[in-house]
J.: 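Pasting in a structure now, in structure tokens, and then I'll have a few things to ask.
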Amino acid sequence: MHVTLPDGNRLDVPEAATGADVARAIGPGLAKAALGIRIDGSLGDLLSEVPGGASVEILTERDGEVVALMRHTLAHVMAQAVTEYFVAQGALPTAIRLGIGPVIENGFYYDFDLPRPLTPEDLEEIEGRMRAIVAADLPLERFPLPREEALGRYRGSGDPYKMELIEELPEGVAITFYRQGGEGGFTDLCRGPHLPSTGRIAPHFKLMSVAGAYWRGDEARPMLQRIYGVAFLTAEALEQHLWQLEEARKRDHRRLGAELDIFVLDEDVGPGLPLWLPRGAIIIEELERLAKEVEEAAGYRRVRSPHLSKEQLLLKSGHLPYYREDMYPPMELENVRYFMKPMNCPFHHKIYAARPRSYRDLPLRLAEYGTCYRYEDSGALMGLLRVRSLQMNDAHIYCTEEQFEAEFMRVIELYFHYFDLFSIDDYVMRLSLHAEEGLGKKYVNSPELWRKTEAMVRQAMAAGGINFVEIEDEAAFYGPKIDVQIQSAIGREFTLATNQVDFAQPGRFGLSYIDENNQRQTPLCIHRAPLSTHERLVGFLLEHYAGDFPLWLAPEQVRVVPIADRHTPFAESLQSRLVKAGVRAEVDARAERMNAKIRDAELYKVPYIAIVGDREVEGETVSFRSRKGPDRNAVPVGAFIAHLRDTIVARSSAVGPLPEAAGG
RNA sequence: GCCAAUGUAGCUCAGAGGUAGAGCAACCGAUUCGUAAUCGGUAGGUCGCCGGUUCAAAUCCGGCCAUUGGCUCCA
């Protein structure tokens, strides 16, 4: 048989030649350097047979993708190390059961069922053993087994996980094993691909953590112990990765939230119930001001509703059957059960229903930033990104079917407006659909309405030229959902904007309008929250901006630093001029040196530090530091204030040039 | 919810059965200074909570609470 090389030449090789044979046929030097092979574009290993006629390319350490082989082999090395480690402590080899050990971004993991929980010290020991296995340079071999024989290997050791994996492999697929270290060496069910020997693993790896993980992600099944590791081809790449983790830690919103006095979580208040400090409240109020301006211009009207309601409202909306697990339990008063509200929609439906509606009233857009309460799993809580008390940037749009597409697109345009304002350019739009199996359980049981509504949304998205992906079985219980996944600057992924199309609740609430022909009709409802919750948005923005908020959002916009006590009166008059102009300014009149005041203001990430001394007092000027522009000296106070005000009003995240009046 | 780790002053951390510590922050005093930490002093704690073991517990044991990481990126 033959294979085709990257230069287009054909190379004759014996039948059933492996990647290693191909490399040898090309040349001894390459055979020595070879780590893997690319077969018809996909990554393979030197141990597997190459199909005749394939286009192949031998990979060496110069090909970055071989890192995947290395990570995969490291997973096996780790499994061997863990097995040896426990056997050395007296455990029977059959007491160590293996789950899966795949390659992941930056590294690998392996799931183990072990006699006892692992500690961080165990990880060090295991990593040490891994390095010994790498140094021992054990050769890897690959061999297939018939299904029965494969099962037999694990039936003997009583490993239910591997048996399950084998049983689920479809007929006709080769069941392969990899063995490292020859006869009696560590052997694992695996489809590969792997490095040819453990000695080819670059020593730039590190075990990071151990965590519980349900077998196959199913909470009804056993909890295994998962060890995570990272691995790279070069020491620099590993260092870079660890440095990035450290940087990510520094801009974690929980850390910044504490350092910048934005919010706190207090044990006595309760998990997932954040307290907003004055500086955090300023940010929220600025965001609300933004939303109100945008929504007023877009024809929304604001409403308000209470924090709790009687059970019957939520029975009517359908929340109780579908959503009860995620709600705080009821309180009972005078034989009536009340619930904290998990959503605003039932109230808005009631507001819609409070008056008879004509087609002339539609679309009716009701907005509210009321606080909702959701009983999230304790293990799901995470800083501000997942909380139990939350304020949504919420609104419900009631419209006719004819109006749907235009209204829907106006919501999507709102998204884009906000993304632009917050410099979010990396996102994925997802259309979440129902799944047949969930009808009547997770989802309202109206198959034909689901299909119709989903088609309407798809059509609107397509007509608007929006790129999106479709996700099965993630819809809201009352209709399909569109949400937007974004990544914070530290790579944390979460959902910001979201909206849903609701064909179910308007009917349940008996909402109606009278159309042109004097006929009673049921409106559609679009639920939308383009800015997510205030909590999540602030958490995201903290990480996104690393605490360096654009001027309009900064809790303190200017810190005035008098150089000596005699400059304090001027500093205070400057502050009051700033405040009058709508700028949030404070004076640092402590008996500290100027250098210390500047340092403190910089660490507090105050966008502008205005320094005033003799020169400024005399000339009615300021000298300032800006976190985003060059320092300037002797700027007339009026020009400084005008510049700040313009930047704030424009909600600019960039800093425009200051008029070159008095120079600097 | 489940598995694991962590919880000591406002913050970052030390202390591992025998009188609770440091740095920073806070407060007081001195210093009045030109672009990232002036000097000195004072105060600050039911060692997450409850219980147990012990002559003696921050330390050992148990329970609870909270926080953090993880709970398919599939052999």
Side-chain angles (χ1 to χ4, degrees), chain A residues 68 71-72 75-76 98-111 113-114 116-123 150 154 161-170 173-178 188-192 208-228 249 252 254-255 258-259 261 264-273 325 375-383 493 561-568 589-604 609-616 623-626 631-633:
Chain A
R71 288 170 179 159
H72 203 169
H76 281 212
L98 307 180
I100 58 167
V103 173
I104 55 173
E105 193 183 352
N106 298 319
F108 57 94
Y109 68 77
Y110 213 117
D111 288 343
D113 185 352
L114 298 170
R116 63 166 177 85
L118 290 165
T119 66
E121 295 72 54
D122 291 327
L123 288 197
Y154 291 110
Y161 309 110
K162 291 292 183 188
M163 288 182 63
E164 181 177 326
L165 291 171
I166 294 169
E167 277 161 3
E168 287 183 11
L169 288 175
V173 172
I175 298 171
T176 56
F177 289 80
Y178 281 77
D188 197 6
L189 170 74
C190 187
R191 69 175 164 196
M208 302 299 284
S209 61
V210 58
Y214 295 108
W215 171 238
R216 319 206 92 179
D218 182 349
E219 59 188 296
R221 314 200 61 183
M223 170 81 63
L224 306 181
Q225 297 191 70
R226 173 174 299 176
I227 304 178
Y228 282 95
R249 214 172 62 80
D252 187 310
R254 290 165 297 195
R255 180 192 176 107
E259 282 172 2
D261 295 321
V264 290
L265 288 162
D266 185 281
E267 279 205 24
D268 288 333
V269 178
L273 304 171
E325 294 296 299
Y375 193 75
E376 300 281 354
D377 275 355
S378 58
L381 299 176
M382 219 282 285
E493 197 169 86
V561 171
I563 289 175
D565 284 352
R566 64 177 179 280
H567 308 123
T568 302
R590 291 176 303 164
E592 275 294 348
R593 293 178 59 217
M594 180 195 65
N595 282 320
K597 296 181 185 180
I598 288 172
R599 181 182 144 86
D600 289 345
E602 290 284 3
L603 291 175
Y604 220 37
I609 303 171
I611 293 143
V612 296
D614 291 336
R615 294 205 292 266
E616 288 74 19
S623 296
F624 65 82
R625 280 177 158 235
S626 156
D631 296 1
R632 292 289 302 271
N633 290 320

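Because the structure is a prediction, the values reported are computed rather than measured. Quick note: numbers below take in every heavy atom, side chains included, and nothing from hydrogens, waters or symmetry partners. In what follows, every chain begins at residue 1, and chains take the letters A, B, ... in the order their sequences are listed.
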J.: Nearest-Å distance, CD1 (Ile609(A)) to C1' (rU35(B))?
T.: 8 Å

J.: In terms of side-chain heavy atoms of Ala211(A), which of rA36(B), rG69(B), rA75(B) is nearest?
T.: rG69(B)

J.: With sequence neighbours left out, what residues match Arg566(A) under salt bridge (Lys or Arg N to Asp or Glu O under 4.0 Å)?
T.: Asp614(A)

J.: From OH of Tyr228(A) over to P of rA4(B), roughly how many Å is that when rounded to an integer?
T.: 16 Å

J.: When you compare rC24(B) with rC71(B), how far apart are their C1' atoms, in angstrom units rounded to a whole number?
T.: 38 Å

J.: rA20(B) pairs with which nucleotide, Watson-Crick or G-U wobble, both distances below 3.5 Å?
T.: none

J.: Among residues at least two apart in sequence or on other chains, which ones pass salt bridge (Lys or Arg N to Asp or Glu O under 4.0 Å) with Arg191(A)?
T.: none

J.: Of all residues at least two apart in sequence or in a different chain, which pass the salt bridge (Lys or Arg N to Asp or Glu O under 4.0 Å) check with Glu164(A)?
T.: Arg216(A), Arg221(A)

J.: In whole angstrom, what separates Ile104(A)'s CD1 from rG70(B)'s C1'?
T.: 11 Å

J.: Under 3.5 Å, which donor-acceptor pairs do the side chains of residues 104-111 of chain A form with other protein atoms, sequence neighbours left out?
T.:
unit_1: Tyr110(A); atom_1: OH; unit_2: Lys162(A); atom_2: NZ; d: 3.0
unit_1: Tyr110(A); atom_1: OH; unit_2: Asp188(A); atom_2: OD1; d: 3.4
unit_1: Tyr110(A); atom_1: OH; unit_2: Asp188(A); atom_2: OD2; d: 2.4
unit_1: Asp111(A); atom_1: OD1; unit_2: Arg226(A); atom_2: NE; d: 2.6
unit_1: Asp111(A); atom_1: OD2; unit_2: Arg226(A); atom_2: NH2; d: 3.0

J.: Return the polar atom pairs (N/O with N/O) between nucleotides 23-29 of chain B and the protein under 3.5 Å, or none.
T.:
none

J.: Salt bridge (Lys or Arg N to Asp or Glu O under 4.0 Å) with Arg599(A): which residues, sequence neighbours excluded?
T.: none

